[in-house]
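So the structure is just underneath, and the comments pick up after that.
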Amino acid sequence: MIRRVVRSLGPAIPVGNPKEAVRAGLGALIGLVVAGAFILAASADVHLGLFLIAPFGASAVLIFAVPSSPLAQPWSAVVGNTASAFVAIVVCAALSDPVLRIPGAVGAAIAIMIALRALHPPGGAVAMTVAMSPDLAQESGLWFALSPVALGTAILATVSVRSSWRSISDGFCTGRWR
């Protein structure tokens with residue numbers, strides 16, 4: 001009984017291929033460097049570090065480590081993150097109380113992603129990032145949803161597709177677009 005409980009607490013995924021782990025890690029590294037360079041060149045506030053936002057890390061995990069997941073497809077990633085940012089900016093304008101604003105932004109982001117068939121879990125983190133920084137949402141306005149969010153996510157997806165990081169040699173993922 002105890003052995004069974006202990007075993008159930010272990011990893012749910014099979015042992016990973018070291019070659020694929022390196023491939024995914026390098027893909028994320030290159031994708032984030034390229035995204036950061038493009039966004040920084042465009043219009044970033046270097047002092048705030050807005051050229052790379054934390055949800056890009058979560059997007060990179062999905063896009064490079066599980067590329068055949070419906071949640072990691074380019075449509076889901078780009079549209080999901082961007083729509084989440086837009087909706088969170090609107091929620092920030094409507095709600096000043098953080099107790100309502102933050103969960104309201106995440107809940108609205110989930111609803112809009114499902115409606116757009118663009119569910120991407122990091123989109124919830126994008127919405128939360130915006131809602132936790134209402135001054136940023138007010139200062140940047142809708143531009144924040146376009147750069148860094150849409151631009152950065154599109155760059156990550158493009159690096160993944162263009163660099164063949166979406167096809168995995170052992171057949172675990174097919175890399176097909178959905």
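Note that this is a predicted model, so its numbers are computed, not measured. For reference, positions follow the sequence shown, starting with 1.
- When every heavy atom of Pro122 is checked against every heavy atom of Leu62, the shortest pair comes out as CD-CD1, 3.6 Å.
- Side-chain atoms of Ser76 do not come within 3.5 Å of backbone N or O of Ala72 as any donor-acceptor pair.
- Here the closest non-hydrogen pair linking Val106 and Gly124 is CG2-O, 3.7 Å.
- For Ala60 against Ala28, the heavy-atom pair with the smallest separation is CB-CB, 3.9 Å.
- Considering OG1 of Thr82 and CD1 of Ile112, their distance stands at 12.0 Å, rounded to 0.5 Å.
- Without hydrogens or angle criteria, Ser133 side chain to Asp135 main chain gives no donor-acceptor distance under 3.5 Å.
- Hydrophobic clustering of Ile, Leu, Val, Met, Phe, Trp and Tyr side chains at less than 4.5 Å, counting indirect connections, keeps Val66 apart from Val61.
- Between Pro148 and Ile53, the closest side-chain pair of non-hydrogen atoms falls below 4.5 Å.
- Rounded to the nearest 0.5 angstrom, Leu156 CG and Ile63 CD1 are separated by 5.0 Å.
- Under a 3.5 Å cut-off, the side chain of Gln73 and the backbone N or O of Pro67 do form a donor-acceptor pair.
- For the atom pair CG (Leu119) and CG (Leu71), the distance works out to 5.5 Å, reported to the nearest 0.5 Å.
- Under the 4.5 Å side-chain heavy-atom criterion for Ile, Leu, Val, Met, Phe, Trp and Tyr, Val78 and Leu52 are members of distinct hydrophobic clusters.
- Residues Leu29 and Phe64 fail the side-chain proximity criterion, which asks for heavy atoms closer than 4.5 Å.
- To the nearest 0.5 angstrom, Trp75 atom CH2 is 6.5 Å from Leu116 atom CG.
- In this structure, Leu142 is a member of the same hydrophobic cluster as Val126, with clusters built from ILVMFWY side-chain heavy atoms closer than 4.5 Å.
- In this structure, the side chain of Arg101 does not engage the main chain of Ala88 through any donor-acceptor pair within 3.5 Å.
- Rounding to the nearest 0.5 Å places CD1 of Ile89 at 8.0 Å from CG of Leu136.
- The two residues Ala131 and Cys92 come nearest to each other via the heavy atoms CA-SG, 3.6 Å.
- To the nearest 0.5 Å, atom CE of residue Met113 and atom OG of residue Ser84 are 3.5 Å apart.
- Of the possible donor and acceptor atoms, none in the side chain of Ser59 sits under 3.5 Å from a partner among the backbone N and O of Phe56.
- The minimum heavy-atom distance between Val99 and Pro103, with the atom names listed, is O-CG, 3.0 Å.
- Nearest heavy-atom pair across Thr129 and Pro55 is OG1-CG, 3.6 Å.
- By the rule that hydrophobic residues join a cluster once side-chain heavy atoms approach within less than 4.5 Å of another member, Trp143 and Val91 end up as members of separate clusters.
- Under a hydrophobic-cluster definition in which Ile, Leu, Val, Met, Phe, Trp and Tyr are linked whenever side-chain heavy atoms come within less than 4.5 Å, directly or via other members, Val90 and Leu95 are assigned to different clusters.
- Side chain of His120 to main chain of Asn81: no donor-acceptor pair is present (N/O by atom type, distance under 3.5 Å, no hydrogens or angles).
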